[in-house]
Amino acid sequence: QVRLQESGGGSVQAGGSLRLSCVPSGYGYANRCQAWFRRAPGKEREGVAVIQRGTVTHYGDFVKGRFTISRDTSNNGLFLQMSDLQPEDTAIYYCAASTFYACDSGSRMSEEDFRYWGQGTQVTVSS
């Protein structure tokens, strides 16, 4: 059974930083399409960042260079380094994993591309 466990969320002030981690278990697919999504209060879940085809990355337009997605190829762990956080970044952040090297949606980051999801970790940014 595949399980994705996120950690690293918390409460920070505007301008602060957080590093999210996602540790998979039972997921034996190396270098597949993996991503971070988020759901803000009252909004639909949206793609934050995706990594696929080994090292190709895409980010949501709102990221504007503030976040970096990366992974540990030794255990398929996934990370999201977030800096210059703003109140509008407040959301539950989810990691997601596919069984394919590339996601059909590419930079659009469609939820449909991802088979496995974590439970989410809360990020709260105060002004």
Side-chain angles (χ1 to χ4, degrees):
Q1 182 178 359
V2 175
R3 184 183 180 206
L4 305 180
Q5 182 64 59
E6 301 99 335
S7 63
S11 297
V12 296
Q13 292 190 327
S17 300
L18 285 172
R19 177 178 170 85
L20 305 184
S21 299
C22 175
V23 177
S25 59
Y27 179 74
Y29 304 97
N31 292 317
R32 306 306 165 98
C33 186
Q34 294 174 276
W36 288 96
F37 284 76
R38 71 183 187 183
R39 189 196 302 274
K43 295 186 178 180
E44 294 184 352
R45 190 155 57 183
E46 64 180 346
V48 177
V50 61
I51 184 167
Q52 59 177 327
R53 293 190 174 95
T55 59
V56 177
T57 59
H58 298 286
Y59 296 89
D61 290 340
F62 57 86
V63 171
K64 298 179 181 178
R66 300 178 298 134
F67 301 173
T68 301
I69 188 172
S70 61
R71 61 180 159 199
D72 182 347
T73 56
S74 68
N75 63 2
N76 299 316
L78 189 69
F79 308 96
L80 185 68
Q81 179 67 48
M82 303 186 294
S83 61
D84 191 24
L85 285 162
Q86 299 300 316
E88 53 266 34
D89 295 314
T90 294
I92 300 173
Y93 284 72
Y94 302 87
C95 70
S98 168
T99 58
F100 297 100
Y101 286 106
C103 289
D104 290 340
S105 60
S107 60
R108 292 186 296 106
M109 292 178 275
S110 170
E111 294 185 33
E112 296 179 352
D113 279 337
F114 299 92
R115 179 175 181 179
Y116 303 111
W117 291 84
Q119 295 298 307
T121 185
Q122 177 71 47
V123 171
T124 302
V125 185
S126 58
S127 58

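Start at 1 with the first residue, then count along the sequence.
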*Is a side-chain N or O of Arg39 found less than 3.5 angstrom from the main chain of Ile92, in a donor-acceptor match?*
no
*Which heavy atom of Arg32 sits nearest a heavy atom of Ser98, and at what distance?*
CB-O, 3.5 Å
_side chain to side chain contact (heavy atoms under 4.5 Å, CB included) between Val48 and Tyr94, intermediate numbers included_ = CA-CA 9 Å; Val48 177; Tyr94 302 87; over 6 Å; no
*Hey, is the main chain of Gly54 close enough, under 3.5 Å, to the side chain of Arg71 for a donor-acceptor pair?*
yes
_If we ignore hydrogens and angles and just use 3.5 Å, is the side chain of Thr124 paired with the main-chain N or O of Thr90 as donor and acceptor?_
no
*Would you give the length of the straight line joining atom CZ of Arg66 to atom OG of Ser17, rounded to the nearest 0.5 angstrom?*
10.5 Å
*asked:* Run the side-chain contact (heavy atoms from CB on, under 4.5 Å) test against Ser25 and tell me which residues pass, sequence neighbours left out.
replied: Arg3
_Treating Trp117 as the side-chain partner and Leu4 as the backbone partner, does any N or O pair qualify as donor plus acceptor under 3.5 Å?_
no
_Minimal non-hydrogen separation, Ala14 against Ser127, with atom names_ = CB-CA, 4.3 Å
*Which atoms form the tightest heavy-atom contact between Arg38 and Ala91, and what is the distance?*
CB-CB, 3.9 Å
*How long is the span from the CH2 atom in Trp36 to the CD1 atom in Ile69, to the nearest 0.5 Å?*
8.0 Å
*Got a second to check how far Tyr27's OH is from Cys22's SG, nearest 0.5 Å?*
9.5 Å
_Side-chain heavy atoms nearer than 4.5 Å, only ILVMFWY residues, links allowed to pass through others: does that put Ile51 and Val56 together?_
no
*Nearest heavy-atom neighbours spanning Ala35 and Phe114*: CB-CZ, 3.5 Å
*Taking side-chain contact (heavy atoms from CB on, under 4.5 Å) as the test, write out the residues that go with Met82, two or more places apart.*
Leu18, Leu20, Phe67, Leu80, Leu85, Tyr93, Val123
*asked:* If I compare all heavy atoms of Cys95 with all of Leu78, which pair ends up nearest, and what's the gap?
replied: CB-CD2, 4.2 Å
_Keeping Glu6 on the side-chain end and Gln119 on the backbone end, is there a donor-acceptor pair under 3.5 Å?_
yes
*Which distance, rounded to the nearest 0.5 Å, do you find between the CD of Gln34 and the CZ of Phe79?*
10.0 Å
*Give a yes or no on whether the backbone of Ala96 and the side-chain of Glu111 come within a donor-acceptor separation of less than 3.5 Å.*
no
*Spacing of Ser126 atom OG and Gln86 atom CD [to the nearest 0.5 Å]*: 10.5 Å
*Identify the two heavy atoms, one from Asp89 and one from Asp84, that lie closest to each other, and give their separation to 0.1 Å.*
OD2-O, 4.3 Å
*How long is the span from the SG atom in Cys103 to the CE atom in Met109, to the nearest 0.5 Å?*
10.0 Å
*Could you walk me through whether Asn76 and Tyr29 pass side chain to side chain contact (heavy atoms under 4.5 Å, CB included), step by step?*
CA-CA 8 Å; Asn76 299 316; Tyr29 304 97; 5.6 Å; no
_Contact between Glu46 and Phe62 at the side-chain level, heavy atoms closer than 4.5 Å - yes or no?_
yes
